[in-house]
Protein chains: 2
Amino acid sequence: MIINNKTDPELRYQKMLAKLRERGCRITSHRIGLLHLIAESEGHPSAAQLYERLRLQFPTVSLATVYKTIALLKQDNEILEIDLHGQSRYDGNKPFQHPHLICTRCGQIIDGDALPSMLTINQQIEDVYGFKVQQQQQVFYGLCPKCQQVTDV
Amino acid sequence: MIINNKTDPELRYQKMLAKLRERGCRITSHRIGLLHLIAESEGHPSAAQLYERLRLQFPTVSLATVYKTIALLKQDNEILEIDLHGQSRYDGNKPFQHPHLICTRCGQIIDGDALPSMLTINQQIEDVYGFKVQQQQQVFYGLCPKCQQVTDV
DNA sequence: CTACTTGCAAAGCCTTTGCAAACTA
DNA sequence: TAGTTTGCAAAGGCTTTGCAAGTAG
């Protein structure tokens, strides 16, 4: 079994900040705060969750600002958007495409970036269908190890 | 390369009809028409597309009715819902979980149910993460064979 | 005849947008 | 100072829901 290893949040923060500067964005205190939250981004938060957390530091910040900053990071491929039935979750710590495992009982979202098939699936798709993959979204719903024990009774 | 083989739409229609009867649903002409469209469901239509097609036969039908009938079929696992960034597409012909390949140029949605890794991925997830998969949603965006030629110049 | 189904319109949810005021560089 | 960013509120797209009228069994 795999232990989830995170990228260093500080490095992620610096990288994102640099990208924003590169494109000539103004660096506001709200953006700095949000970038820190996103670089950390434990548990794949939604925009609303990021907003709630950011509001603890900046009570006047708005949800629109959160969305606008996320939009910039998406363009720079500095944040990964996970599309869950009309609600987006974000991973700014590992902004590359990887599968996610979602526990239907406790709601936990596990990064599935250690699957061997992850390395071969795109090639397989090209071999079988002649289709060239650019992006992917793989979500698996089921029971995490802990919740299986609860259910097994 | 794989030729997409469809299930017999008539068989699918009968199966769905039987399931609705089983649960004591009333069989209305609108539902019969919609079931036929869904059993056929070329190209993974959206609710709005099914509605437009159904309206040709039944000009007074409403979009709400389409959604309500789809909801029933979902509960019976007789229709597969594909979640595309806030818009749902439906496959009532092959209502089991399978990957989809979406061409970002022409918009075509290809069934990816002939991939070898499809058979092993759930086991792999259990081996690596101890996670028991119940449902999945695998969407790959990229270029279909035809559109690659256009782009290759 | 009874209970389910329908169409309509309104509401819901998340996300995006328009705009004047505020702020970064 | 000039141009970006902000918060607010409204709008947008898709889906769901409430309800009285209509219909299947």
Side-chain angles (χ1 to χ4, degrees), chain A residues 16-35 37-38 44-76 79-90 107 137 139, chain B residues 16-35 37-38 44-76 79-90 107 137 139:
Chain A
M16 291 191 283
L17 192 63
K19 282 285 187 90
L20 287 190
R21 277 199 213 284
E22 252 176 62
R23 60 154 68 211
C25 286
R26 306 252 159 112
I27 309 303
T28 65
S29 58
H30 290 186
R31 279 191 176 160
I32 291 177
L34 183 54
L35 255 48
L37 285 180
I38 288 174
H44 309 80
S46 64
Q49 288 170 334
L50 288 169
Y51 168 60
E52 285 308 326
R53 291 180 204 170
L54 192 57
R55 220 148 61 120
L56 300 178
Q57 268 184 77
F58 305 94
T60 65
V61 77
S62 77
L63 187 51
T65 296
V66 173
Y67 276 111
K68 283 168 186 166
T69 303
I70 287 174
L72 293 173
L73 295 172
K74 277 200 284 187
Q75 287 173 31
D76 288 337
I79 196 168
L80 177 69
E81 184 168 27
I82 310 161
D83 197 4
L84 300 187
H85 215 77
Q87 227 223 15
S88 288
R89 304 301 207 90
Y90 300 95
Q137 174 103 36
V139 182
Chain B
M16 291 192 281
L17 192 63
K19 282 284 188 88
L20 288 190
R21 276 197 214 285
E22 252 177 61
R23 61 155 65 212
C25 286
R26 306 253 159 110
I27 309 304
T28 66
S29 59
H30 290 186
R31 280 192 176 159
I32 290 177
L34 182 56
L35 254 49
L37 285 180
I38 289 173
H44 308 81
S46 64
Q49 288 170 332
L50 288 168
Y51 168 61
E52 285 309 325
R53 290 180 205 171
L54 192 57
R55 220 148 59 122
L56 300 177
Q57 268 184 77
F58 305 95
T60 65
V61 77
S62 76
L63 187 52
T65 295
V66 172
Y67 276 110
K68 283 167 186 167
T69 303
I70 286 174
L72 293 173
L73 295 171
K74 276 199 284 186
Q75 287 173 32
D76 288 339
I79 196 168
L80 177 69
E81 185 167 27
I82 309 159
D83 198 3
L84 300 187
H85 216 76
Q87 226 222 15
S88 287
R89 303 302 206 90
Y90 300 96
Q137 173 104 37
V139 181

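Per chain, numbering begins at 1; letters A, B, ... match sequence-line order. As a basis for the values below, the full set of heavy atoms in this structure was taken, side chains included, without hydrogen atoms, waters or symmetry mates.
Take Phe58(A) and apply the side chain to side chain contact (heavy atoms under 4.5 Å, CB included) test, not counting sequence neighbours, and it matches Ser29(A), His30(A), Leu54(A), Val61(A). With sequence neighbours left out, Thr65(A) forms a side-chain hydrogen bond (donor to acceptor under 3.5 Å, both in side chains) with Ser62(A). Shown here are the side-chain hydrogen bond (donor to acceptor under 3.5 Å, both in side chains) partners of Ser88(A), two or more places apart in sequence or in another chain: Glu81(A). Contacts of Ile27(A) classified as side chain to side chain contact (heavy atoms under 4.5 Å, CB included), with partners at least two apart in sequence or in another chain: Leu17(A), Leu20(A), Arg21(A), Ile32(A).
A heavy-atom distance below 4.5 Å is found between the side chains of Thr69(B) and Leu35(B).
Pairing each heavy atom of Ile70(B) with each of Ala47(B), the nearest pair is CD1-CB, 4.4 Å. What you find for Arg89(A) and Leu84(A) is that their closest heavy atoms are CG-CD1, 3.7 Å. Minimum heavy-atom separation, Tyr51(B) to Leu63(B): CE1-N, 3.4 Å. Across Leu50(B) and Ile38(B), no two heavy atoms sit closer than the pair CD1-CG1, 4.1 Å. The heavy-atom pair separating Pro45(B) from Gln49(B) by the smallest distance is CA-OE1, 3.0 Å.
Under the salt bridge (charged side-chain N to carboxylate O under 4.0 Å, His left out) criterion, the residue pairs touching residues 46-62 of chain B are Glu52(B)-Arg55(B), with sequence neighbours excluded. Residues in residues 22-34 of chain B take part in these salt bridge (charged side-chain N to carboxylate O under 4.0 Å, His left out) pairs, two or more places apart or across chains: Arg23(B)-Asp76(B).
As a whole-Å value, the separation of Arg21(A) CZ from dT5(D) P is 13 Å. Here dT4(D) presents its P atom at 18 Å from CD of Glu22(A), a figure rounded to the nearest Å.
The end-to-end axis angle of the helix from dC1(C)-dG25(D) to dA25(C)-dT1(D), rounded to 10 degrees and based on five pairs per end, is 30°.
Contact annotation for Ser46(A): no contact, since no heavy-atom pair falls under 4.0 Å across all strands.
Near-neighbour residues of DNA chain D inside residues 80-90 of chain B, defined by a heavy atom below 4.0 Å, number-ordered: Gly86(B), Gln87(B), Ser88(B). Only Cys25(A), Arg26(A), Thr28(A), His30(A), Arg31(A), listed by number, bring a heavy atom of residues 25-35 of chain A to less than 4.0 angstrom from any atom of DNA chain D.
Between the CE atom in Met16(A) and the CG atom in Leu72(A) there is a gap of 12.0 Å [rounded to 0.5 Å].
Map Tyr51(A) and Leu72(A) each onto its nearest nucleotide of DNA chain D; the residue landing nearer the 5' end is Leu72(A).
Heavy-atom contacts of chain B under 4.0 Å fall on DNA chain C between two terminal nucleotides, which in 5' to 3' order are dA3(C) to dC8(C).
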